[in-house]
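One structure is given below, encoded as structure tokens.
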Amino acid sequence: MIEVESIKSALDLARLQQQIRQRRARYRSSISVCGGTGCRAASCLKIRDAISEELAARKLCDTVNLVVTGCHGFCEQGPIVVIRPNNIFYPKVKLKDVPRIIAKSVMEGEPIMELLYRDPITQKSIPCEDDIPFYRQQKRVIFAQNGHISPTNITDYIATGGYSAISKALFEMTPSEIIEEISASELRGRGGGGFATGRKWALCRKSKNPIKYLICNGDEGDPGAFMDRSLLEGNPHAVIEGMLLGAYAIGAEEGFIYVRHEYPLAIKHLETALQAAKEAGLLGDRIMGSNFSFTITPSRGGGAFVCGESTALIASLEGRYPQPSAKYIHTTERGFHRAPTVLNNVETWANVPIIIAKGAANYRRCGSEGNTGTKIFSLVGKINNTGLVEVPMGITLRDIIFKIGAGIPNGKKFKAVQTGGPSGGCLPASQLDLPVDFTALKEAGSMMGSGGMIVMDEDTCMVDVAKYFVEFLYNESCGKCTPCREGLTTALALLKGITEGKGKIEDLEFLEEIAGWLEASSLCALGGSAAYPFISTIKYFRHEYEAHINEGRCEAGVCSALITYSIAPKECNGCGACMKVCPSSAIVGAKKQPHGIEAQACTKCGACIEVCKPKAIIRR
Amino acid sequence: MIEDIFSRYPKKPESLVMILQDIQGAMGYLSEAALERVAEELNLPLAKVYSVASFYRVLKFKPTGKHNVKVCMGTACHVKGAPLILNSVLSKLKIKDGETTDDRKFTVQSVGCIGACAIGPVVEVNEECCGNMTVIKANKLLTRIDKNEKKS
């Protein structure tokens, strides 16, 4: 272990980096165990312990580096273990295979064929991480270190060149030059709005108020999105370095990171990282021996969706009732404690060190004009490869879903992709060739949002999805402004009616009218965009609404009021499995004889479908 | 215990939400006496403390059960059948969303998104995340916890 002493100059940092790298040279290989939340749910820490024991037994501890890293992104394949330098990738690792993996892959550098990842389409085993289609099509810049470094060890981050951007900024650049560089990179806020980061900073810097604040928004309330969580869990120092650069550029001495209470691991890693940075002289007074001082305080939010809105977040941070306020005056002029404040989200901050270290021109090479760099998406829902993917801006939805995501599982048909969280919309198959960037998604009736990308197949009911989002927003609406509070109440009642077969065709018109009010007169962006989920589904999937209203039919078999469960007597072998699991004892019939379902007792929970081997249960 | 929590944070309104979270973490809920003590400590009106506390769904004013079951209702979990799981868990325990069973063993709450979308549907029991849930798996999970309890 290298003791990190306080860094007092650019030379100190360079020396430390050199020293760490030399120390690491003794390792002939390294084993990286994914320690993201997904893999932890799959007991990856037990795998780590087993590897550690095995290494000790074989006296390999001094030559093999065992690292528990942040999220590798391919969460559904957890627990994931990667053996470097050959990057042999093992998904769904089992305890009993650990000794084999050490013997063969670590000691001999050879892959074990039957344990490798198997491509769901070609059925071929793929040994190397980089050759797996899920990773091959990605461009990992922000996530580059996530699968390599230990988030709780500052030396890992420094060894990969970490904190050299702030060193460069402090000793070679003026604050204005940093803002110019960020502006030239055309970086846009990754939290959803897509506001130009450089412009935001310049506005704040211009303010004459000597006290300025910096906030990192880690609220990530969008259901279906978890990239900020993975960044904070996997590479917290990148976020801290980004904030240091921002603080130096705008002239702030105090910053806050607002993280959701629901992300305990992110908070833990962040707190460890902040402490380590402080001890290394990278946070606090006179950072790296310069005249620049900056502190960061972590703050745990209460996990409300509205707290992702800048003015509500600031209210929450100040300990006030977290309602948004009108933005006649921008937060860059009057924000936290009425002082000028720059607020960016986690992913935006993580982009900053890369731009400063490698230059804006290099950054702009990726993506398209006005939409530069990469974007991280959480690719989830009805898709083969689920997880976090980082892609260059401007890639098409089709490439993400079918090349990286490997399409829809179980031979089902693609129906829609939802982007932008509750403020976004659902796009149908006809829009699959749309480039994924701020402008194109907005034009198609959705939005980039913070990066949730939820894929839906033929078994998803679009009216139900619209109802789901409106219900979410209805629950999360802070209730301050009438359009959002009342508009969502009415819209939810209408959508509930439609899913229960009580809708009228005029309801669709009424919904469109409500959408107009919401957009025109809501106080904050959450209300302003609250209509997107139902407007986009009415636009692209009107026939589903009409089927619910006119025929009382839910084609996807989701809306419980419109479906019944029955058993096809010819298929049923009378095994009784369904009878055992039915919580309401609605299934009747003698052993080895076809069973039946008593409609009145059935709660439509779906447990019987899960267990029915001959697939005799019909949901229609 | 509350005094320990106060000592972790600066005596400012900014600390309010974190203090409330810690008290709930230690005591399971926010009692009236605890809220009064927080108001006094931070020099805030009790009404203000209550208004902030009641805004966040995670903060509770009634004691919760021994095991906290959170059913994730995020979008990814939703399209993969989370509503069915929530309904079956609730009907098994014979309670409504957010309620605690009479024997104080279980509290069930639907939550926005726990950010484990890739392994959805997700059920979290006492902070432990269980992925790829089905109606049956969720029921088995509860039965197992119940049985373990009876053993010990």
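In what follows, every chain begins at residue 1, and chains take the letters A, B, ... in the order their sequences are listed.
Proximity to chain B (any heavy atom under 4.5 Å) is shown, for A:F305, by neither the backbone nor the side chain. Only the side chain of A:I454 comes within contact range of chain B, judged by heavy atoms closer than 4.5 Å. For A:A225, the part sitting under 4.5 Å from any heavy atom of chain B is the backbone (N, CA, C, O) and nothing else. Of the two parts of A:F472, only the side chain, counted from C-beta on, holds a non-hydrogen atom closer than 4.5 Å to a non-hydrogen atom of chain B. Heavy atoms of A:V558 lying under 4.5 Å from chain B are absent altogether. Heavy-atom distances place no part of A:P533 under 4.5 Å from chain B, backbone and side chain included. Only the side chain of B:K48 comes within less than 4.5 Å of a heavy atom of chain A; its backbone N, CA, C and O stay farther away. Looking at A:F256, there are no atoms closer than 4.5 Å to chain B (heavy atoms on both sides), in backbone or side chain. Contact of B:I136 with chain A is made through backbone and side chain together, with heavy-atom distances under 4.5 Å. For a residue to count as touching a neighbouring chain, one of its non-hydrogen atoms must lie under 4.5 Å from one of that chain's; by this rule A:P322 touches chain B with backbone and side chain alike.
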Q.
Under the criterion side chain to side chain contact (heavy atoms under 4.5 Å, CB included), I'd like the reasoning laid out for B:F55 against A:C478: C-alpha separation, chi angles, the key distance, then a yes or no.
A. CA-CA 8 Å; B:F55 184 84; A:C478 76; 4.0 Å; yes

Q: Evaluate the criterion side chain to side chain contact (heavy atoms under 4.5 Å, CB included) for residue pair A:R320 and B:V52; output intermediate values, then yes/no.
A: CA-CA 7 Å; A:R320 290 188 287 123; B:V52 171; 5.7 Å; no

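Ion pairing of B:D22 with A:R300 is present here, as a side-chain N (NZ or NE/NH1/NH2) and a carboxylate O approach within less than 4.0 Å.
Shown here for A:A607 and B:V135, the closest heavy-atom pair between the two residues is CB-CG1, 3.7 Å.
When the candidates B:R57, B:H78, B:K70, B:E127 are compared by the number of heavy-atom contacts under 4.5 Å with chain A, B:H78 comes out ahead. Of the listed residues (B:N139, B:V79, B:T75), the one with the most heavy-atom contacts under 4.5 Å to chain A is B:T75. The candidate with the highest count of non-hydrogen atom pairs below 4.5 Å against chain B, out of A:E318, A:M227, A:R40, is A:E318. Interface check for chain B: of the options A:G606, A:S584, A:C461, A:S299, the most heavy-atom pairs under 4.5 Å are formed by A:S299.
Between the side chains of B:Y56 and A:S316, at least one donor-acceptor pair of N or O atoms lies under 3.5 Å.
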